[in-house]
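Step one of this worksheet: look at the structure below.
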Amino acid sequence: MPELPEVETIKRELEPHIIGKKITAVTVYDARIVYPLSASAFQGRITGQRIENLRRRGKYLIFQLSNSNRLVVHLRMSGALLLNPPELLPHTRLVFHFDDGSELALTDRRRLGIVLLTDSEKPVEDRLGPEPLEPRFTVEEFANRLHRRRAPIKAVLLDQKVIAGIGNMYADEALFQARIHPLHPAGDLSPEEIQRLYNAIREILCSAIDYKGASVDTYQRPGGELGTAHFNFNVAHCRGEPCHICGTPIQRLAIRNRGSYFCPNCQKY
DNA sequence: CATTGTCCCTGGAAGC
DNA sequence: TGCTTCCAGGGACAAT
């Protein structure tokens, strides 16, 4: 399930293979993914355009096209972007064909992914808070964003308007590293706890990028390789396993219908 | 505005 | 063995 480190990995590995290439055709296998555009309208606005730039914002990938359109892709749970797949893979929704004969396929088993064409930054920027790895995201900025929030810190970390890019897995890992209970009200955290959580978020995201993301569920890199960040997970999806620090079984709790995994001994309320 | 619940979607696992 | 139900979760959206 692609979160910030997975999307960043995809961006980095895709970039050298697609920048400057011209899209000669797009095959639409599932028109629902380009809704509200029709398949032909989508094809009309994409075909013949060159990919000038690729960037990540939160969990979004943004392909800058030469006609000043932006192709925005959100992979949600099960989306993947694969370069030159050897065959037509199951759940293929779109295939981009380039002028050098190469191809980029978008597959999405659960079909929750989003593809959007826009000429503005607004649809993405309106939904997102700051990038946690940018220097301008300071601990003071983080503290301000948690101030007076009564919701559980786990729910607040998943709010993309508070911080962009953190998903369920890395929220659990950051809270474990910072030794904070996922239900702790966000606005009640002490300055020390906020500092620990701030450090943990940055360390965990950076480390996961170094490991090319976590291959939980269907995540694959553009060449089909897997990431290895999940081998370092302490709590995410580790229900019942002994905590690496104290041996207490990892517990699962539902917060906002999201599975939250934590060590009840290391992360006291 | 902050918060919370529901829905979307599919396929693997679990339960019967 | 084969059926049904549950579960995974990002985020849009509606309700409060």
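Keep in mind the model is a prediction, meaning the values are calculated, not measured. What's counted below: heavy atoms across the whole structure, side chains too, no hydrogens, waters or symmetry copies. Below, chains carry the letters A, B, ... as their sequence lines are ordered, and counting in each starts from 1.
For Q160(A) and dG11(C), the shortest distance from a side-chain N or O to OP1 or OP2 is below 4.0 Å. In this structure, K161(A) does not reach the dA2(B) phosphate: none of its side-chain N or O atoms is under 4.0 Å from OP1 or OP2. The side chain of H91(A) places an N or O atom within less than 4.0 Å of a non-bridging phosphate oxygen (OP1 or OP2) of dG11(B). Side-chain nitrogen and oxygen atoms of R111(A) include at least one within less than 4.0 Å of the OP1 or OP2 phosphate oxygen of dT10(B). Phosphate proximity of dA12(C) to R127(A): present, with a side-chain N or O under 4.0 Å from OP1 or OP2.
With D172(A) as reference, K154(A) is the one residue of Q267(A), R252(A), K154(A) to meet the side-chain hydrogen bond (donor to acceptor under 3.5 Å, both in side chains) rule.
Heavy-atom distances to DNA chain B give each of N257(A) and R109(A) a nearest nucleotide, and the one nearer the 5′ end belongs to N257(A). Residues I166(A) and R110(A) both approach DNA chain C. Their nearest nucleotides, taken by heavy-atom distance, put R110(A) toward the 5′ side. In terms of position along DNA chain B, the nucleotide closest to D159(A) lies nearer the 5' end than the nucleotide closest to the other residue of the pair R258(A) and D159(A).
If you check the side chains of S68(A) and D119(A), you find no donor sitting under 3.5 Å from an acceptor.
Between D126(A) atom CG and dG11(C) atom P the separation is 15 Å, expressed in whole Å. Distance NE2 (H74(A)) to P (dC9(B)): 17 Å, rounded to an integer number of Å. Whole-Å rounding puts the Y35(A) OH to dC8(B) P distance at 14 Å. Regarding L158(A), its CG atom lies at a distance of 15 Å from the C1' atom of dG5(B), rounded to whole Å. Taking atom CG of residue L116(A) and atom P of nucleotide dG10(C), one finds them 20 Å apart after rounding to whole Å. If you measure from atom CG of L75(A) to atom C1' of dC9(B), you get 15 Å, rounded to the nearest angstrom. A straight line from CG of N168(A) to C1' of dG11(C) spans 13 Å, rounded to a whole angstrom. Nucleotide dG11(C) holds its C1' atom 13 Å from the CD atom of E3(A), rounded to whole Å.
A salt bridge does not link K161(A) to D126(A): none of the charged side-chain nitrogens sits closer than 4.0 Å to a carboxylate oxygen. We find that E121(A) and R70(A) are joined by a salt bridge, their nearest charged nitrogen and carboxylate oxygen being less than 4.0 Å apart. Between E6(A) and R221(A) there is no salt bridge, since no side-chain nitrogen of the basic residue lies less than 4.0 Å from a carboxylate oxygen of the acidic one. With respect to the salt-bridge test (charged N to carboxylate O, under 4.0 angstrom), the residues K22(A) and D99(A) do not qualify.
The distance from the CD atom of Q251(A) to the SG atom of C243(A) is 11.5 Å, given to the nearest 0.5 Å. For the atom pair CD of E173(A) and CD of E203(A), the computed distance is 13.0 Å after rounding to the nearest 0.5 Å.
The end-to-end axis angle of the helix from dA2(B)-dT16(C) to dC16(B)-dG2(C), rounded to 10 degrees and based on five pairs per end, is 50°.
Across all strands shown, R256(A) has heavy atoms under 4.0 Å from base atoms, whether or not it also approaches the sugar-phosphate. At a threshold of 4.0 angstrom between heavy atoms, the contacts of R252(A) are confined to the sugar-phosphate backbone, with no base atom among them.
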